[in-house]
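Encoded as structure tokens, the structure appears first; notes follow it.
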2 protein chains.
Amino acid sequence: MNKTLKISDAVVRRLPVYLRYLDELSMKNVQTVSSQDLGIKLDLNPAQIRKDLAYFGEFGKKGIGYDVNYLIEKIRQILKIDKLINVALVGAGNLGHALCNYNAYLKDHMKICAVFDAAPSKIGEKIHNITVQPVQELSETIKDKEIRIGIITVPAQEAQQVANLFVEAGVEAILNFAPAIIKVPAEIRVHNADFTTELQSLAYFLD
Amino acid sequence: MNKTLKISDAVVRRLPVYLRYLDELSMKNVQTVSSQDLGIKLDLNPAQIRKDLAYFGEFGKKGIGYDVNYLIEKIRQILKIDKLINVALVGAGNLGHALCNYNAYLKDHMKICAVFDAAPSKIGEKIHNITVQPVQELSETIKDKEIRIGIITVPAQEAQQVANLFVEAGVEAILNFAPAIIKVPAEIRVHNADFTTELQSLAYFLD
DNA sequence: TAGATTGTTAATCGATTAACAATC
DNA sequence: TAGATTGTTAATCGATTAACAATC
């Protein structure tokens, strides 16, 4: 398949969902899975799943389906999590702590390996085996540890400042949990994961 | 506008984003705003913003723009957060605590007013002014307090069970933070807000 | 009036789904 | 071989954007 073809966001966002279920199957020692099976389990159209995967290569066998472990390997490669990606987080509040708990789940594919905060009371605190550092050390640490993704879990009014620090330090992508729009250069990818907008849009669907 | 017209998810998800920025403008005593202004600030096409709003009514004035406070009122009505909506949360871990912190931000429009956990060690704990209750009390509390939305912040393997409890108790919509697909009757709306899939899809955009 | 900006239609663009030949 | 299921094309469906008459 043509690597230069632009893959849509919607496709990319489904890949981790496939991966998560495939991991489950793998742990149950399931060998193969069809797009039909996946579609039922994940509430998606089987044709869509086949098409999503076909953007990146021919991973299945006609008449058989997909080899679970092979597909896991391929999706990890596509998502670029086949090698460890280091992540930094700013904002050692409850949300920051919660996200650090996912390190175990992310296994050896992604790792929050540095946490920063501006408040002196937080500095030196241990979250699992990570020590909270002052934001002044952000730039140096990001370079030293080759951190490529930054997570923002500070209050809305500090989000832009933190984004600026990340950008200057050379981070390539940002996951923003603050309820604020942050502006960054076009080459930096930002995903917003704002709880309040999620909850408000859910209210629309009440009767 | 035709109320029976099906509004797309994409439209509904943008409304809270508009609302958040309009609230900012209102606090700065800005009287009116154009779709142009909004578009620049929110990185959206002005025509899209006008079209989104036009699904629900004629809220603007030609040649002038939108009255900020009037539009806030209208969007709140559309999202059904013009009256207080009660929310329950199961899973009093770090993530549960973090979400409870947003109560102040959600003001008098939505409120997490009950928190449950299965672990005896958590029961009775105070989160701000909410006392953590055992899950056995979930159904009764949800009915008593007229709770309409449920939030799941338990580990993946317990998510489906909690979803079942919510559905039985009569909740109308669920916000699921667990990295798991939960199955519910079609009339119950589920939004997934899973940190791990967000982070993994972000990795795709690294160079 | 002249300039600005909405609401809405038509055009474009993109994503999903159906269908089926290829083939395991 | 017969049945199953992929990869892919074509058809459908839906969302975004451009353009502009209406009008403040």
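Protein chains get the first letters and strands the later ones, always in sequence-line order, with residue 1 at the start of each.
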Query raised in the report: If you pin A/V11 and B/K51 to their nearest nucleotides in DNA chain C, which one's is more 5'?
Result: B/K51
Query raised in the report: If you pin A/S8 and A/A47 to their nearest nucleotides in DNA chain C, which one's is more 5'?
Result: A/S8
**Report entry** Qualifying residue for side chain to side chain contact (heavy atoms under 4.5 Å, CB included) with B/L22, from B/N69, B/I75, B/V30
**Finding:** B/I75
Requested in this report: For a side chain to side chain contact (heavy atoms under 4.5 Å, CB included) with B/Y18, tell me which candidate from B/L71, B/L44, B/D23 qualifies.
Outcome: B/L44
Distance, rounded to the nearest Å, where [X] contributes [atom1] and [N] contributes [atom2]:
X: B/L53; N: C/dG7; atom1: CG; atom2: P; value: 8 Å
X: B/D52; N: C/dT6; atom1: CG; atom2: C1'; value: 14 Å
X: A/K6; N: C/dA15; atom1: NZ; atom2: C1'; value: 13 Å
X: B/I7; N: D/dG14; atom1: CD1; atom2: C1'; value: 13 Å
X: A/D9; N: C/dA15; atom1: CG; atom2: P; value: 9 Å
X: A/F56; N: D/dT8; atom1: CZ; atom2: P; value: 14 Å
X: B/L71; N: C/dG7; atom1: CG; atom2: C1'; value: 14 Å
X: A/I49; N: D/dT8; atom1: CD1; atom2: C1'; value: 16 Å

Report task. Look at A/K61 together with A/D67 and state whether they make a salt bridge at an N to O cut-off of under 4.0 Å. Result -> no
Query - Assigned partner base of C/dC20, Watson-Crick or wobble definition, under 3.5 Å - result: D/dG7
Query raised in the report: What is the pairing partner of C/dT12, taking Watson-Crick or G-U wobble pairs with both distances under 3.5 Å in any strand?
Result: D/dA15
Report task. Could you tell me whether a side-chain N or O of B/K122 sits under 3.5 Å from a main-chain N or O of B/D117, the two making a donor and an acceptor? Result -> no
Show me the donor-acceptor pairs within less than 3.5 Å that the side chains of residues 200-207 of chain B make with the rest of the protein, sequence neighbours left out.
{"residue": "B/S201", "atom": "OG", "partner": "B/T197", "partner atom": "O", "Å": "3.2"}
{"residue": "B/S201", "atom": "OG", "partner": "B/E198", "partner atom": "O", "Å": "3.1"}

Query raised in the report: Is A/E58 touching bases, backbone alone, or none of the nucleic acid, heavy atoms closer than 4.0 Å?
Result: sugar-phosphate
Query raised in the report: Between B/Y70 and B/F59, how do the two ring planes meet: parallel, tilted or perpendicular, split at 30° and 60°?
Result: perpendicular
Query raised in the report: CD1/A/I149 to NE2/A/H191 distance, rounded to the nearest 0.5 angstrom?
Result: 9.5 Å
Query raised in the report: Hey, is the side chain of B/R50 poking within less than 4.0 Å of OP1 or OP2 on C/dG7, counting only N and O atoms?
Result: no
Query raised in the report: Which of residues 59-69 of chain A have a heavy atom under 4.0 Å from DNA chain D?
Result: A/F59, A/G60, A/K61, A/K62, A/G63, A/I64, A/G65, A/Y66
Report task. Pull out every residue in residues 18-45 of chain A that has a heavy atom closer than 4.0 Å to any atom of DNA chain D, ordered by number, or say none. Result -> A/S34, A/S35
Query raised in the report: Between B/D37 and B/S34, does a side chain to side chain donor-acceptor pair (under 3.5 Å) hold up when you go through it step by step?
Result: CA-CA 5 Å; B/D37 297 339; B/S34 69; 3.3 Å; yes
Report task. Find out whether A/R20 and B/D194 are in side-chain contact, i.e. whether some heavy atom of one side chain is under 4.5 Å from a heavy atom of the other. Result -> yes
